[in-house]
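Chain naming here is simple, since letters A, B, ... match the order of the sequence lines and numbering starts at 1 in each.
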2 protein chains.
Amino acid sequence: MKTLLVEDDPLLGQGIADALTYQSHLVEWVKTGLHALSFAHASQFDVIILDLGLPDMDGLDVLQQLRNDNVLTPVLILTARSTSGEKVTGLDRGADDYMVKPFDVPELMARLRALQRRESQQKSPIITHGNLEIDPANLSLSKNGEPISLSRHEYDLLLHMINRPTQVFSREALVDKLYNWDNDVSSNTVEVYVHHLRKKLGKHIIKTIRGIGYQLGSTSE
Amino acid sequence: MKTLLVEDDPLLGQGIADALTYQSHLVEWVKTGLHALSFAHASQFDVIILDLGLPDMDGLDVLQQLRNDNVLTPVLILTARSTSGEKVTGLDRGADDYMVKPFDVPELMARLRALQRRESQQKSPIITHGNLEIDPANLSLSKNGEPISLSRHEYDLLLHMINRPTQVFSREALVDKLYNWDNDVSSNTVEVYVHHLRKKLGKHIIKTIRGIGYQLGSTSE
DNA sequence: TTGCTTTCTTAAGGCTTTCTTAAAAAGTTA
DNA sequence: TAACTTTTTAAGAAAGCCTTAAGAAAGCAA
């Protein structure tokens with residue numbers, strides 16, 4: 001899960017970034033509204049965590065700008081502004097959730113999972129596909145009830161594709177999901193991970209759309 | 001907006017129902033888990049507001065049951081259970097938002113709007129032509145529901161013609177669409193691709209306008 | 001820290017599909 | 001029929017993808 005964290009406080013920001021990373025998020029952490037805007041446009045995030053008190057502009061304006069520019073990424077506002085009116089304003093400007101500082105980390109994680117689940121049209125908290133089961137809360141995977149261990153990138157790739165089971169992903173889009181922008185991966189990582197997943201989960205788990213990219217396939221042989 | 005309110009407390013229930021109605025929701029108010037289940041199955045709601053302390057069963061079980069039964073309606077839990085652990089449990093069982101009583105009515109309304117907004121973002125348009133379906137977002141094509149795979153140039157050619165179904169294209173115009181300017185293709189590529197498309201999609205998919213070029217035809221034989 | 005294990009990244013060679021070309025066959029027009 | 005256009009076929013070239021393997025990096029345990 002690729003997350004844009006917008007938070008100017010260095011300590012708090014580091015804390016959240018660490019917590020997210022620990023939950024195997026891929027985190028891009030920026031400290032100003034302008035950076036937030038440019039990152040949100042440059043790459044496709046699964047969720048944006050937005051502080052409102054930023055040094056250069058108000059977080060609400062960042063949000064509004066994003067929505068104006070048709071960036072539909074779910075946004076969770078995380079702020080010290082705690083009045084009812086402020087919450088209503090935030091939500092009505094286009095946020096999907098609103099949490100007040102000080103906040104509880106597990107609750108933040110659970111709310112992010114809920115946003116993600118809704119976004120990917122998942123019905124239940126446990127994601128299934130054929131005989132596969134994924135529990136995003138535990139980062140675990142099983143096939144026919146047997147647990148299978150995946151490396152972090154294998155897991156990310158699979159989860160991302162399972163969240164949009166009919167979509168075709170270009171290699172570039174997948175690289176964008178798997179890596180931070182300052183990490184230039186110049187070679188065939190995606191092919192290699194696809195190969196690993198096929199080895200572990202069966203040949204047909206991922207289909208190749210030649211000249212275009214990859215698409216989730218079936219779990220049967 | 002059609003809302004299912006599940007709340008056994010008469011006073012509080014009435015208050016919420018009134019507030020919702022005032023915001024021009026169409027409210028169905030039930031007081032037990034069993035009623036909640038049967039209503040949620042019988043009709044398509046835009047959102048469900050769920051109390052957890054119900055007389056006949058726990059709200060969490062209602063929620064789990066709904067998700068098991070493939071009811072995707074967004075659920076907002078509204079309860080007195082306020083610990084972090086309880087929130088995490090609620091969200092991870094499949095809720096989309098979680099509010100603690102006593103709560104603020106405007107905030108509830110704003111959260112409902114946020115859920116609704118997210119829900120109503122629709123998916124990509126699909127182009128149809130006769131019995132063909134093209135999903136440009138996924139670069140996929142099917143005929144009578146059967147997926148058909150095209151090579152990149154075949155796909156480009158077809159999509160270009162389908163976007164202008166009545167226009168007649170000269171060979172030169174099509175070459176120009178398929179290739180960069182610095183790519184001098186000196187031979188009969190277009191003819192070859194037309195031939196491929198006819199083979200895959202039926203003779204009449206492309207008509208020959210003799211001496212001029214090609215035009216989209218019909219998908220029937 | 002050190003050493004051990006797992007995971008990541010890169011590159012190269014082989015394999016498969018698609019592209020391009022050319023030439024023969026078929027069709028159309030005058 | 002002659003002249004011309006379009007279709008079909010086939011084969012070598014090019015591009016795209018898969019697989020393997022090895023060194024680098026990261027994570028973990030003592």
### Query
Under the side chain to side chain contact (heavy atoms under 4.5 Å, CB included) test, which residues partner Ser170(A), sequence neighbours left out?
Glu172(A), Ala173(A)

### Task
Verify the contact: side-chain N or O of His196(B) to OP1 or OP2 of dT18(C), cut-off strictly under 4.0 Å; return yes or no.
no

### Message
Does anything in residues 4-18 of chain A form a salt bridge (charged side-chain N to carboxylate O under 4.0 Å, His left out)? List the pairs, not counting sequence neighbours.
### Response
Glu7(A)-Lys101(A)

### Query
How would you list, by chain and number, every residue that makes a salt bridge (charged side-chain N to carboxylate O under 4.0 Å, His left out) with Arg117(A), sequence neighbours excluded?
none

## Note on the structure
With a 4.0 Å cut-off (strictly under) to non-hydrogen atoms of chain A, the first and last hit nts on DNA chain D, 5' to 3', are dG16(D) to dT20(D)

### Task
With sequence neighbours left out, write down each residue that passes side chain to side chain contact (heavy atoms under 4.5 Å, CB included) with His129(A), or none if nothing qualifies.
Ile162(A), Ile205(A), Leu216(A), Thr219(A)

### Message
Measuring to OP1 and OP2 of dT18(C), would you say a side-chain N or O of Tyr193(B) lies under 4.0 angstrom away?
### Response
no

Show each protein N/O and nucleotides 23-26 of chain C N/O combination with a separation under 3.5 Å, one pair to a line.
residue : atom : partner   : partner atom : Å
dA23(C) : N6   : Asn188(B) : ND2          : 3.2

### Message
Run the side chain to side chain contact (heavy atoms under 4.5 Å, CB included) test against Thr208(A) and tell me which residues pass, sequence neighbours left out.
### Response
Arg198(A), Tyr214(A)

### Task
Compute the bend angle of the helix from dT1(C)-dA30(D) to dA30(C)-dT1(D) from the end axes (five pairs per end), rounded to 10°.
40°

### Partners meeting salt bridge (charged side-chain N to carboxylate O under 4.0 Å, His left out) with Asp61(B) (sequence neighbours left out)
Arg93(B)

### Query
In chain order, what residues pass the salt bridge (charged side-chain N to carboxylate O under 4.0 Å, His left out) check against Arg152(B), with sequence neighbours excluded?
none

### Task
Determine the contact category for Val192(A): base if any of its heavy atoms lies under 4.0 Å from a base atom, sugar-phosphate if only primed atoms, P, OP1 or OP2 are that close, otherwise nothing.
base

### Query
Who pairs with Lys87(A) by salt bridge (charged side-chain N to carboxylate O under 4.0 Å, His left out), at least two apart in sequence or on another chain?
Glu107(B)

### Message
For residues 128-141 of chain A, which residue pairs pass the salt bridge (charged side-chain N to carboxylate O under 4.0 Å, His left out) check, not counting sequence neighbours?
### Response
none

### Message
Does Tyr214(B) reach a base, just sugar-phosphate, or nothing at all? Heavy atoms under 4.0 Å.
### Response
sugar-phosphate

